[in-house]
Each structure stands twice: as C-alpha cells, then as structure tokens.
Amino acid sequence: MNLEIQLEKYFAYTSFRPGQKEIITSLLEGNHTIAMLPTGTGKSLCYQLPGYLLEGQVIIISPLLSLMQDQVEQLMMNGEKRVIAFNSFLTADEKNHALLQLHHYKFIFLSPEMLRSKSVIDGLKKLHISLFVIDEAHCISQWGYDFRPEYLKLGESRDKLGKPLTLALTATATKEVKNELIASLHLDHWNEFIYSVDRPNISLVVETVESYQEKSERIVELVKRLEGPGIIYFSSKKLTEWMSAYLREHGMTRVMAYHGGMEQENRVLIQQQFLHGQLDLICATSAFGMGINKEDIRFVIHFHMPLQLESYLQEIGRAGRDGKKSVAILLYSPGDEQLPYQIAEAELPSEVQVNAVYQYLEMNHHMTTNLASFEIDIRRISGLTETQWRIIRDYLVDQKELLLKVQFQKLTLFINERLQVKKRKISEMHLWICSQIQQCRRKKILKYFDEDMTIEVENCCDQCGIDLTVFDLKISKHQVANSSYNWKQQLANILLVSERSDEK
DNA sequence: CGGTATGCTAATAGTAGCATACCGGTGCTCTATT
C-alpha cells in the first residue's frame, strides 16, 4: 500500500512528518506500538490514518474532556462525522442511545474513568476494535498511582476488550515511565519509536534569587524585555492571580491567570484568547498546557519548580513549537523545594488518617469489600480528600488478604513507597536546579531520559553560557524613526497585524 | 519550609511586637440539592 497516496486521499497532505510513517506502518503490520514523538509533530495522524485503513472502530483514551472535544472538532472539520466523545457531557439518555449506536462511529473518544463502567465495556465488546489508542500515555505513571487511579487499570479494560491492537502516544517518557506503561497496559510484545526529547531551540536558564519579592520583581523585568507571548508557571492558584494583577499594575494589560479552580467557562475563554493572540501572557498552574497548540510561544518562566523533570520538560516544551529560538527561565530561591515536598505529602493519606480509617472499620466490623458505602462516614472522621480516599479504597478493594490488620499494614507500606518515589523525583528536579557540579543543563536532562547529547546547541543554557538579549523584544529602528510620518509603514504594520489574526 | 493572615497583649493612642495557625496542583463521573 502506498501510504502517501492514502495520506493525500484522507488528509490532503503530500508528505509525512518524521516518525509518522514508521509508526503507521508498524500498526498496519499488526504490532502494538509505543510512540514517543516530540510535541507538535502530528501525533493524532498516527491513529487517524490507520483508523481509515483498518476495518472497525478506533478507541482513543484521552485524559481531558477539552482534549476530546478538540479532537472531535478537528476530525469533523476534516469532514468526518462518525466521531463521538463519550463522556459526561452526554446526558444519561444520550449515553444509552449512543451505546446502542457505537458501531456507526469510526472514532470513539473516552476517559479512563468511563472505561471502568460495565455498560460501556459491554457496549464496546460488541464492536470490532481496530485500534486502541492511549493519548498522552505518560499520564499512566504520572497520575495512575494516586490522582487518577483508573489510569493504572487500562490494561484490565483492554484485556476485557480482547487485547486489541494498541498504540501508546506521548512526548515525554523515561525508561522507567515506559516500563510502567508497558506493564499497566499488559503488552507482551511491541514496537517502539522513540525520538529525542531534546528541543534544541529552547535555551535553558536557572536564575537564583533571594526571596519571593525579588522573584516577582525579576519577573516584571523579564516580561517587559522578553519577546512574547509567554507562560509563567506557579504551584499555587492564589499566586497566579496575584501575579497577573501585579503585572497589570506594572502596565501589562494582556495578562490573565489560569488554574483548575476557575470556572470551566473562564478557562476556555482565556485559553482561546491566548491561542488567538489577544493575550500575551498567562500566569498558570500545571492545569494549563495539555492540548495547547500554539506555535509561537517564546518563553516559559517558572516561578516555582515543578514536582519532577518530566513535568518541567512538558511545560517548557510548550515554547517554540515553530522551531524558532525560545527560552525557559526557572527562578529558584533557596528553600523552594519545600513546597513540592509539601504538596506530595498532602496528596497521600497521612499515617494518622490511615489509622483513623482502620479504627473505624475495626470497631464497626466492616468488611473492606463494600467500602464505598461508608465513604461519607469515613471521610468525615478522617478528613480525607477525594484523592486520598480513593487511594485507600482502591488499594483495599483489590486486596486478597483477609485480615484487616494485615491489609492496613500493606496499605501503609504502599503509601510510604509512593511517597518515597515522589520525594526521589523532587530531589532529582532539585538537584538539576542547584547541583554544585557545573555541567550543561541540557546534557543533564537528556541523561535523565537516557539520552546522550549529540549536537552542539547555540545559546544552550546558563551553564554553557548564555546571552539573554537574544530573546529581547525587538523594536525595529526603522519603525521607531518613522513612527509619525511613514504612512506606508503604518499601513504595512496594520496589514501585518490583521494578517496575523487571520491566520488563526 | 516560608509567607501571610489573624490574634493576643500591653496599654488607653494607634500601633508595635510577638505568637500561632494555615496554606500550598493536576480531573474524571455520578448524584443530590438548588
């Protein structure tokens, strides 16, 4: 089969981007496939084209409702009507109806949570599934152990569906993350296509400052001089809002905050405004990013350090998708690492909380098999968050051990183990920021991802020596000199602006 | 851990000085209540 002809037939492209053809060929030959492609290189084509060439339905597991909606829209724009996002946007009636009609669709988008529903599995079992896709597959190890445990159960669901041909897609995975992915999907043999996580056009800078105050001032300086648009990342929702107000006070009007605590409607609006160039700057938590397809982001600043190098790489990777020079600046002040440690500990249930749950179940002679029915009581006495409660519940439900006491001993071990993993990741991130060993930052990141640095990068990082002025806003002398007179130039400027907004 | 907010005291005017408490990210789904 000539894939180029098929590509043109279905998508009107004349050639593949690097990696796409190999991945698609691997799938068409019937191999489970793991694909690690850099962001913005057309991952969705890797399942869309095979979807057309293979008989049956494509199931796509997607982490975010907004991502599903985007993909559905994108397919519809391409003329495909047989596409559905099967999620909580549908009413109960709509869901029931859709379950009976699934065979009429070509592409079916689902969350991992939805896949745990028996009626959904039963509906999917009746199909001929040509391809089972896990989009943003790093979520399995990033979220599966605690925040979204259904991610770890994907393999179980996949087994129930008869182990269909599988494609896992991600941009960032260490060897360890890849192995966790293979294990949790229950893959026994597979092809892998791994491309470098390096983004040579992004310069890496760490700056050390004394205090939060100094950080804020430095951010104002940077934002004023750097060519935008840009993103500033925080680990606190409050600070995103505080900083966007602070920047507005300092004359930057096109700034907004973005975090998970905001109304969905506002989040969509702000994201759209940023994508369409009506905002220059977003002050965001890690909620902002997945599915942001903006080519021309010139800088990413970190006010706080992320909880792991994988997250850091994903966040800075939102810059420079157009391949042009961009910069990632992380501001560090001594003691910053305490916040991630604190966040990690708060996510898992504490020993006191685990004990409270144990006491409750022991005193009431409750079995852990019908744990869910005591949720309200248990959470009230122990003060567990939704995430913490689910970690305990899911662990106990899967337990084969009969003695409650032993179950809880194992649970405590499990929680400690998870905490150690999280702490290790934070310390690796911390070490990258302020290791005493003077070494190229890019080289160190690549080493973390088991890669060697093979190319020489200009303006690589602060360790190699960097000239930040390269990233400064360029006001052409020509424009300044003629600003009041040259109507031709004025007109050209206006046309250029409208041309830019037309592109979007 | 570290910053911010709140509260207490001492002393009687508005506030200084200190102690203490609190907070800190990511999202799906279903159900009950407005």
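What you see below is based on every heavy atom in this structure, not just the backbone, and it leaves out hydrogens, waters and symmetry mates. Each chain gets a letter, A, B and so on, in the order the sequences are listed, and its residues count up from 1.
Within 6.0 Å of CD in A:Q420 there are more than 12 heavy atoms belonging to other residues, nucleotides or ligands.
Ring stacking is absent between A:W143 and B:dT26, as the pair misses the limits of under 5.5 Å between centres and under 30 degrees between planes.
Salt bridge A:K178/A:E192: present, at least one basic N to carboxylate O contact under 4.0 Å. Using a cutoff of 4.0 Å between basic side-chain nitrogens and carboxylate oxygens, A:R116 and A:E156 are scored as salt-bridged. Note on A:D135 versus A:K43: no salt bridge recorded, every NZ/NE/NH1/NH2 to OD/OE distance being 4.0 Å or above. Using a 4.0 Å cut-off between a side-chain N of Lys or Arg and a carboxylate O of Asp or Glu, A:R298 and A:D322 qualify as a salt bridge.
The distance between the ring centers of A:Y332 and A:H430 falls below 6.0 angstrom. Ring to ring, A:H302 and A:Y312 are close: their centroids are under 6.0 angstrom apart. Taking the six-membered ring for Trp and the full ring otherwise, the centers of A:F288 and A:F274 sit less than 6.0 Å from each other.
Note on A:R267: a side-chain N or O is less than 4.0 Å away from OP1 or OP2 of B:dG27. Remark: A:K238 is not in phosphate contact with B:dG3, judged by side-chain N or O atoms under 4.0 Å from OP1 or OP2. The side chain of A:S88 contributes an N or O atom lying less than 4.0 Å from OP1 or OP2 of B:dT29.
A:K215 forms a cation-pi arrangement with A:F303, by the criterion of a distance under 6.0 Å to the ring centre and an angle within 45° of the ring axis.
Residue A:Q388 contributes atom CD, which lies 16 Å from atom P of B:dT26 at whole-angstrom precision. The distance from atom CG of A:L90 to atom P of B:dC28 is 14 Å, rounded to the nearest whole Å. Remark: P of B:dG25 and CD of A:Q314 are 18 Å apart, rounded to the nearest angstrom. At whole-Å resolution of the value, CD in A:Q142 and C1' in B:dG25 are 11 Å apart. In this structure, A:E310 atom CD and B:dT26 atom P are separated by 19 Å, rounded to whole Å. The OH atom of A:Y341 sits 16 Å away from the C1' atom of B:dG24 (whole-angstrom rounding). Atom CH2 of A:W389 and atom C1' of B:dG27 are 19 Å apart (whole Å).
For the C1' atoms, the distance from B:dT29 to B:dG24 is 26 Å, rounded to whole Å. Distance check on atom C1': B:dA11 versus B:dA16 gives 11 Å, rounded to whole Å. Nucleotides B:dT26 and B:dT31 have their P atoms positioned 26 Å apart, rounded to a whole Å. If you take atom P in B:dA32 and the same atom in B:dC28, they sit 22 Å apart, rounded to whole Å.
Taking every heavy atom of residues 344-357 of chain A and every atom of DNA chain B, pairs under 4.0 Å involve A:E347, by number.
Proximity note for A:L339 (side chain, C-beta onward) versus B:dG25, B:dG24, B:dG3: the nearest is B:dG24. Of the candidate nucleotides B:dG25, B:dT29, B:dC1, B:dG25 has the atom nearest to the side chain of A:S236. If you check B:dC30, B:dC28, B:dG25 against the side chain of A:L64, the one that comes closest is B:dC28.
B:dA32: no Watson-Crick or G-U partner with both key distances under 3.5 Å is found in any strand. With a cut-off of 3.5 Å on both pairing distances, B:dT26 has no Watson-Crick or G-U wobble partner at all. In this structure, B:dT15 forms a base pair with B:dA10, meeting either the Watson-Crick or the G-U wobble geometry with both donor-acceptor distances under 3.5 Å. B:dA21: Watson-Crick or G-U partner is B:dT4, with both key distances under 3.5 Å.
Among the heavy atoms of the strands, none lies under 4.0 Å from A:L239. Contacts of A:D336 with the nucleic acid, taken as non-hydrogen atoms under 4.0 Å apart, are absent. If you check every strand for non-hydrogen atoms under 4.0 Å, A:E386 touches a base. Among the heavy atoms of the strands lying under 4.0 Å from A:H259 are primed sugar atoms or P, OP1, OP2 only; no base atom is included.
Along DNA chain B, the nucleotide closest to A:A287 and the one closest to A:Q213 are compared, and the more 5′ of them pairs with A:Q213.
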